[in-house]
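Scroll down for the structure; my scribbles are underneath it.
Heavy atoms only: backbone and side chains are in, while hydrogens, waters and symmetry mates are out.
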Amino acid sequence: MDDRNLRAVKRSKIRMQFISSTLSTSSVDVSTTVHFANDEYTADFAIGSPPASVTAILDTGSDLIWTKCETGSSYNPSASSTYSSLPCGSNFCRDALTSCSDGSTCSFHAPYGSATVDGTMATETFSFGGTDVPGLAFGCSNSEMGSATMFSSLLGMGGGQLSLISQLGSGKFSYCLTTYGQSITSPLLLGSLATPDPSALSTPLVQNANIPTYYYLSLQGITVGSTLLSIPSSAFAISSDGRGGLIIDSGTSFTILVPSAYDVLSQEFQSQMGLPMVKGQNFDLCFLTPSDGSFQPPKLIFHFEGADIDLPENNYLVRDGGGSVVCLAILQGSEDLSLFGNFQQQNMHIVYDVQEGKISFAPAQCENL
């Protein structure tokens, strides 16, 4: 009976933490580190009591926070005194990703392209940079994303109710992605800690009533060199049924443009590069550079509403298949959706002010923030 009472007391305290956290209207300011690892930008934090260190994909294109909970994983829920299954009556169990089909267990089913992650919803204490946050809802997974990634955890930073930004009530967050391929750390800041640089350029967040998860931006044009491309005005528009538009996404590596925009971009870029074209290993538009490595690529500017982002050369050109081949690190999509990927976001302090409905960009040495 004593053991049963002890477990009941722990569950009662955990439930109080969870219910209090869902009723709280105050925001939580936390910070942690971000770094590049195994082809992904990742965030570090800890889960449970005692805390277990976790490295998760940083993903602004999804909401759910989840980690693998099987034996041998870094986090073991049976070893944590603050783990609690999420009850079916929770609002978090009424999300599009969650369900309570058996009437007692809140489960989740999260698709990621060709892979799907399943498991049980729960609440737990998370620690970000030494700051404990009790009662966060997350997915305790019995599967992983497959061979496309080496990670078994994900930190959802989208606009839906299950995301970290929504659960903390932070209102805004920021990150600064270090140079692609380097494992230097930089900060992920939430709440009042996420302050834009005085010189930052801001662009409005575009609302898509059908999908609250994604952060849409209004891309009004693209310039190559000094030439403003003739891209149809409909290329980046959101249609009445919620399709289309351009999403900024920390979980996508390279920017993907709809064909009507990519075709114009590739033709003009090829014309201005003035170098022999060669077949690349991974990209469509590749060039053979001179033996001495000297060449002058054209500028590439993305014209967002109110913010002209003049990308550094390292944010749109990549070496591919040997040092003498350089490629445009932008891909052609087959759908009506465009994505602004993390390669193009390198070395910029990007502040998502969800409360004010805007995103700010400023060039930065991310490791020095």
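Put simply, the side chain of Asp249 never gets that close to the backbone of Gly341: no donor and acceptor are under 3.5 Å apart.
A pairwise comparison of heavy atoms in Ala43 and Leu155 identifies CB-CD2, 3.9 Å as the closest pair. Across Ala307 and Ser202, no two heavy atoms sit closer than the pair CB-O, 3.7 Å. Residue Cys286 comes nearest to Gly280 through the heavy atom pair SG-CA, 3.5 Å, listed as atom of the first residue, atom of the second, then distance. Thr195 approaches Ser192 most closely through the heavy-atom pair OG1-O, 3.3 Å. Heavy-atom minimum distance, Gln207 versus Ile238: O-CD1, 4.2 Å.
Between Asp197 and His349, the side chains place no donor N or O within less than 3.5 Å of an acceptor N or O (distance only, hydrogens not considered). A donor atom on one side chain and an acceptor atom on the other are not found under 3.5 Å apart for Thr203 and Glu305. Defined by atom type and a distance below 3.5 Å, a donor-acceptor pair is missing between the side-chain atoms of Asp132 and Thr125. Counted by atom type alone, His303 and Thr223 present one or more donor-acceptor pairs between their side chains at under 3.5 Å. Side-chain N/O atoms of Thr185 and Thr33 include no donor and acceptor closer than 3.5 Å. Counted by atom type alone, Tyr175 and Gln345 present one or more donor-acceptor pairs between their side chains at under 3.5 Å. With no hydrogens or angles considered, no side-chain donor-acceptor pair links Thr32 and Asp44 at under 3.5 Å. There is a side-chain donor-acceptor pair under 3.5 Å between Ser80 and Thr82. Side-chain polar atoms of Asn208 and Tyr216 form a donor-acceptor pair below 3.5 angstrom.
Residue pairs meeting the side-chain hydrogen bond (donor to acceptor under 3.5 Å, both in side chains) criterion with at least one partner in residues 328-341, sequence neighbours excluded, are Arg243-Asp336. Sorted by first then second residue, the salt bridge (Lys or Arg N to Asp or Glu O under 4.0 Å) pairs that include residues 199-226, not counting sequence neighbours, number zero. Under the salt bridge (Lys or Arg N to Asp or Glu O under 4.0 Å) criterion, no residue pair touches residues 171-189, with sequence neighbours excluded. Applying the disulfide (SG to SG under 2.5 Å) test to pairs two or more places apart or on separate chains, none has a residue in residues 200-277.
Between Leu300 and Gln344, the closest side-chain pair of non-hydrogen atoms is not below 4.5 Å. Under the 4.5 Å side-chain criterion, counting only non-hydrogen atoms from C-beta, Tyr83 is not in contact with Ile47. Using a 4.5 Å heavy-atom threshold, the side chains of Leu188 and Leu58 count as touching. Under the 4.5 Å side-chain criterion, counting only non-hydrogen atoms from C-beta, Leu288 is in contact with Ser324. Side chains of Ser250 and Tyr41 form no contact here, defined as non-hydrogen atoms less than 4.5 Å apart. Using a 4.5 Å cut-off on side-chain heavy atoms (C-beta onward), Phe36 and Thr42 make no contact. A 4.5 Å side-chain heavy-atom check between Tyr215 and Thr60 finds at least one atom pair inside the cut-off. Between Ile330 and Phe254, the closest side-chain pair of non-hydrogen atoms is not below 4.5 Å.
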* Criterion side chain to side chain contact (heavy atoms under 4.5 Å, CB included) on Phe269 and Tyr316, from CA distance to verdict -> CA-CA 11 Å; Phe269 201 87; Tyr316 61 91; 3.8 Å; yes

* Apply disulfide bond (SG atoms under 2.5 Å apart) to the pair Cys88 and Cys106, showing each step before the final yes or no. => CA-CA 5 Å; Cys88 286; Cys106 183; over 6 Å; no

* **Test log, rule side chain to side chain contact (heavy atoms under 4.5 Å, CB included), inputs Thr105 and Thr120** => CA-CA 7 Å; Thr105 303; Thr120 301; 3.9 Å; yes

* To do: Under the side chain to side chain contact (heavy atoms under 4.5 Å, CB included) rule, what do Phe128 and Phe45 come out as? Steps first, then yes or no, please.
  => CA-CA 5 Å; Phe128 299 93; Phe45 52 93; 3.7 Å; yes

* Applying side chain to side chain contact (heavy atoms under 4.5 Å, CB included), run through Asn342 and Thr252 and close with a yes or a no. => CA-CA 6 Å; Asn342 59 43; Thr252 295; 5.8 Å; no

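Asn76 CG to Lys68 NZ: the interatomic distance, rounded to the nearest 0.5 Å, is 13.0 Å. If you take CG on Leu64 and CG on Leu154, they are separated by 7.5 Å, rounding to the nearest 0.5 Å. The distance from the CD atom of Gln296 to the CE atom of Met273 is 9.5 Å, given to the nearest 0.5 Å. Annotation: the span from Leu265 atom CG to Thr227 atom OG1 amounts to 11.5 Å, rounded to 0.5 Å.
Taking Ile, Leu, Val, Met, Phe, Trp and Tyr as hydrophobic and joining them when side-chain heavy atoms fall under 4.5 Å apart, one finds Leu189 in a cluster with Leu193.
Atom OH of Tyr214 has 12 or fewer heavy atoms from other residues, nucleotides or ligands within 6.0 Å. Few gaps surround CD on Glu313; more than 12 heavy atoms of other groups in view lie less than 6.0 Å from it.
Note on Met277 and Val326: same hydrophobic cluster, where clusters join Ile, Leu, Val, Met, Phe, Trp and Tyr whose side-chain heavy atoms are under 4.5 Å apart, directly or indirectly. In the hydrophobic cluster analysis, where Ile, Leu, Val, Met, Phe, Trp and Tyr join through side-chain heavy atoms closer than 4.5 angstrom, Ile301 is grouped apart from Phe236. Hydrophobic clustering (ILVMFWY, side-chain heavy atoms < 4.5 Å, transitive): Phe173 and Val351 are in distinct clusters. Tracing side-chain contacts under 4.5 Å through hydrophobic residues (I, L, V, M, F, W, Y), one reaches Ile359 starting from Val206; they form part of the same cluster. The hydrophobic clustering, which links ILVMFWY residues whose side-chain heavy atoms are closer than 4.5 Å, places Leu205 and Leu219 together.
Qualifying side chain to side chain contact (heavy atoms under 4.5 Å, CB included) partners for Gln161, counting only residues two or more places apart in sequence or in other chains: Asn91, Phe92, Asp95. Residues satisfying the side chain to side chain contact (heavy atoms under 4.5 Å, CB included) test with Thr213, not counting sequence neighbours, are Asp63, Ile211. Residues passing the side chain to side chain contact (heavy atoms under 4.5 Å, CB included) test with Val318 are Phe283, Cys327, Ala329, Phe343, sequence neighbours excluded. With sequence neighbours left out, the side chain to side chain contact (heavy atoms under 4.5 Å, CB included) criterion links Thr179 to Gln182, Gln346, Asn347. Annotation: side-chain hydrogen bond (donor to acceptor under 3.5 Å, both in side chains) contacts of Asn315 (sequence neighbours excluded): none. Here Asp310 pairs with Lys299 under the salt bridge (Lys or Arg N to Asp or Glu O under 4.0 Å) rule; sequence neighbours left out.
Checked against the 6.0 Å centroid criterion, the rings of Phe295 and Phe287 do not qualify as a close aromatic pair.
Cysteines Cys366 and Cys176: SG-SG separation is under 2.5 Å.
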Would you give me the side-chain donor-acceptor pairs under 3.5 Å for residues 256-263, sequence neighbours excluded?
none

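Using cut-offs of 30° and 60° on the angle between ring planes, the pair Phe340 and Phe304 is perpendicular.
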